[in-house]
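Nothing here was measured: the structure is a model prediction, and the numbers come from that model.
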Amino acid sequence: MKIENELVSVIIPIYNVEKYLAACIESVQKQTYHNLEMILIDDGSTDGSGKICDEYAKTDNRITVIHQENHGISQVRNRGVKEARGTYIFWIDSDDYVSESIVEELYHNLIEQNAEMSICNYTQGSERTYTFVHQEKERLEVCDAREGLERIYKNHHYSFIMAASWAKLIKKSLYEGCEYPEGKIFEDIYMSHKLISKCKRIVYTNKTMYYYYQWPESILGKKLYIEKLDYLGAFEERIHFFKKLGYAELVEKARIQYLHSLIWEYSRAKDILHNKEMVKHIKREYRKYYTFGTENKEVENETKGYMLKFYLSPFLLDFMGKVKGKLR
């Protein structure tokens with residue numbers, strides 16, 4: 001028996017995706033959960049994306065199209081939340097697509113488990129006609145806010161899915177008092193821990209129902225530029241956020257993750273971006289958060305000695321690493 005009482009707002013941020021948009025919209029139109037609205041926000045597209053939105057709206061009264069000047073993904077998400085009439089919000093990126101039952105199953109899990117956030121598994125690649133087939137036995141995991149936050153640091157897969165806006169059914173009331181930071185391209189990393197912390201219960205299914213499409217022109221596929229390092233600010237923000245909550249273990253995990261990311265981005269800022277200010281910033285931040293004896297047990301080479309050497313002279317450590325690489 002279907003549980004279908006509450007309106008779900010499906011929000012699609014759109015910018016120059018005319019090649020992929022139809023598949024995305026149609027995957028939502030085919031949903032087995034019918035009590036939904038679709039909000040398509042065209043963020044100043046310069047291709048045919050806006051016209052595609054309007055054409056679909058002509059034949060589906062569940063669709064609302066918003067055309068606006070380009071403001072960036074954070075502003076689009078904030079506007080989407082404001083415009084949403086539903087009790088729950090479901091985000092889908094405009095180049096991705098979903099299984100026909102994703103909203104119904106996420107909603108069912110959420111209601112059955114009395115949760116505020118319902119999450120499913122995802123797969124990624126460059127297929128345009130992926131068939132969702134779940135072969136392993138479905139497994140539900142239910143946790144509270146603290147455990148949900150801990151899963152951010154469990155492994156790469158959980159880190160990605162917990163931080164993303166998509167593949168989730170989210171109670172709209174969780175957004176009260178929260179806004180995506182405008183001007184950031186990794187806006188969801190700034191928001192995810194705040195939403196998770198407000199949940200009494202979170203339910204996760206290992207069933208794959210979201211297809212994360214990767215294409216060269218996407219944010220993660222473009223060449224490196226300085227804005228792609230804006231996630232560092234979110235990692236630092238988490239340290240202070242967890243301190244306020246009194247979660248000492250999470251503070252330490254967030255600190256180690258931040259230090260690791262600073263090490264990782266140092267050579268890229270220096271050798272690829274040639275951005276001296278960013279290099280100085282990374283060095284300052286590392287010195288601020290490093291403490292003697294720090295090691296990263298999740299990364300083999302980030303021993304106590306290695307992290308101390310980076311503190312003393314990141315330039316020398318980076319230089320020695322390149323020399324060793326040439327001698328191999």
Side-chain angles (χ1 to χ4, degrees), residues 124 146-164 184-186 188-190 192-193 196 214 219-328:
Q124 62 186 54
R146 174 67 180 268
E147 189 178 345
L149 293 170
E150 289 173 349
R151 290 187 182 204
I152 294 173
Y153 303 99
K154 184 175 181 178
N155 55 43
H156 176 73
H157 181 81
Y158 272 105
S159 177
F160 197 45
I161 195 65
M162 296 305 287
K184 305 295 184 184
I185 62 172
F186 288 100
D188 40 10
I189 301 179
Y190 283 85
S192 55
H193 54 280
I196 292 169
Q214 293 180 301
I219 288 175
L220 299 180
K222 289 179 180 177
K223 66 180 182 179
L224 183 68
Y225 54 97
I226 191 64
E227 287 79 10
K228 289 184 75 171
L229 273 60
D230 70 22
Y231 75 91
L232 292 173
F235 282 3
E236 181 186 17
E237 213 175 78
R238 284 178 180 173
I239 298 172
H240 301 287
F241 184 80
F242 297 145
K243 276 184 180 178
K244 288 182 180 179
L245 293 177
Y247 295 161
E249 290 183 8
L250 282 169
V251 170
E252 182 61 9
K253 287 180 179 180
R255 186 180 73 90
I256 295 298
Q257 183 188 57
Y258 187 44
L259 292 175
H260 164 73
S261 300
L262 291 169
I263 291 172
W264 175 257
E265 298 298 354
Y266 173 79
S267 59
R268 301 213 301 170
K270 181 170 68 70
D271 300 329
I272 300 176
L273 294 173
H274 306 291
N275 190 310
K276 293 181 180 180
E277 288 304 312
M278 191 63 193
V279 170
K280 289 179 182 178
H281 173 73
I282 288 173
K283 289 164 68 174
R284 283 196 304 268
E285 289 297 293
Y286 192 90
R287 287 179 171 271
K288 185 193 301 185
Y289 289 99
Y290 172 82
T291 57
F292 183 75
T294 294
E295 64 178 324
N296 187 353
K297 295 180 181 179
E298 301 298 319
V299 180
E300 186 177 352
N301 71 306
E302 290 182 8
T303 61
K304 293 179 182 179
Y306 183 92
M307 298 190 81
L308 174 60
K309 290 174 185 176
F310 191 89
Y311 172 81
L312 295 173
S313 178
F315 176 82
L316 183 59
L317 186 64
D318 184 56
F319 176 76
M320 290 173 62
K322 289 173 182 173
V323 171
K324 286 181 180 179
K326 290 181 179 180
L327 292 176
R328 288 174 183 169

**Student:** Evaluate His193 against Leu245 for side chain to side chain contact (heavy atoms under 4.5 Å, CB included), listing each step before the verdict.
**Tutor:** CA-CA 12 Å; His193 54 280; Leu245 293 177; over 6 Å; no

**Student:** Distance from Ile272 atom CD1 to Ser267 atom OG, nearest 0.5 Å?
**Tutor:** 7.0 Å

**Student:** Please step through side chain to side chain contact (heavy atoms under 4.5 Å, CB included) for the pair Arg238 and Ser192, ending with a clear verdict.
**Tutor:** CA-CA 10 Å; Arg238 284 178 180 173; Ser192 55; 4.0 Å; yes

**Student:** Counting only heavy atoms not in Glu298 (residues, nucleotides, ligands), do more than 12 fall under 6.0 Å from its CD?
**Tutor:** no

**Student:** With a 6.0 Å cut-off (strictly less than), is the heavy-atom count around NZ of Lys283, excluding the residue itself, greater than 12?
**Tutor:** no

**Student:** Does any part of the side chain of Lys280, heavy atoms only, come nearer than 4.5 Å to the side chain of Arg284, both counted from C-beta?
**Tutor:** yes

**Student:** Can you tell if the side chain of Met162 reaches within under 4.5 Å of the side chain of Lys154, non-hydrogen atoms only?
**Tutor:** no

**Student:** Exactly one of Phe235, Tyr289, Tyr153 should register a ring pair (Phe, Tyr, Trp, His ring centres under 6.0 Å) with Tyr258. Which one does?
**Tutor:** Tyr289

**Student:** Answer whether the closest heavy-atom distance between the side chains of Asn296 and Leu259 falls below 4.5 Å.
**Tutor:** no

**Student:** Could you give the distance from OG1 (Thr303) to NZ (Lys297), rounded to the nearest 0.5 Å?
**Tutor:** 13.0 Å

**Student:** Less than 4.5 Å apart, side chain to side chain, heavy atoms only: is that true for Leu229 and Leu273?
**Tutor:** yes

**Student:** Are there more than 12 heavy atoms of other residues, nucleotides or ligands under 6.0 Å from atom CD of Glu147?
**Tutor:** yes

**Student:** Minimum heavy-atom separation for Met307 and Glu302, please, with both atom names.
**Tutor:** SD-O, 3.7 Å

**Student:** Can you tell me how far apart CD (Glu236) and CZ (Phe241) are? Round to the nearest 0.5 Å.
**Tutor:** 15.0 Å

**Student:** Which atoms form the tightest heavy-atom contact between Glu295 and Ile256, and what is the distance?
**Tutor:** O-CD1, 3.7 Å

**Student:** Atom CD in Gln257, atom CG in Leu250: separation rounded to 0.5 Å?
**Tutor:** 11.0 Å

**Student:** For Phe160 versus Gln124, what's the shortest heavy-atom pair and its separation?
**Tutor:** CE2-OE1, 4.0 Å

**Student:** Would you say Ile196 and Arg151 make side-chain contact, with heavy atoms under 4.5 Å?
**Tutor:** no

**Student:** What is the distance from atom NZ of Lys184 to atom CD of Glu227, rounded to the nearest 0.5 Å?
**Tutor:** 9.5 Å

**Student:** Applying side-chain hydrogen bond (donor to acceptor under 3.5 Å, both in side chains) to Glu150 and Tyr247, what does each step give before you reach the verdict?
**Tutor:** CA-CA 10 Å; Glu150 289 173 349; Tyr247 295 161; over 6 Å; no

**Student:** Mind checking whether Ile226 and Glu277 have side chains closer than 4.5 Å, heavy atoms only?
**Tutor:** no

**Student:** Would Val279 and Asn275 satisfy side chain to side chain contact (heavy atoms under 4.5 Å, CB included), going step by step from the backbone distance to the final call?
**Tutor:** CA-CA 6 Å; Val279 170; Asn275 190 310; 5.8 Å; no

**Student:** Kindly compute the distance separating CG (Asp188) from CD1 (Ile185), expressed to the nearest 0.5 Å.
**Tutor:** 10.5 Å

**Student:** Suppose the criterion is ring pair (Phe, Tyr, Trp, His ring centres under 6.0 Å): which pairs have a residue in residues 263-286, not counting sequence neighbours?
**Tutor:** Tyr266-Phe310, Tyr286-Tyr290, Tyr286-Phe310

**Student:** Within the 3.5 Å criterion, strictly below it, is a donor on Glu265 or Tyr231 matched to an acceptor on the partner's side chain?
**Tutor:** yes

**Student:** Could you check if a side-chain atom of Lys244 sits within less than 4.5 angstrom of a side-chain atom of His240, using non-hydrogen atoms only?
**Tutor:** no

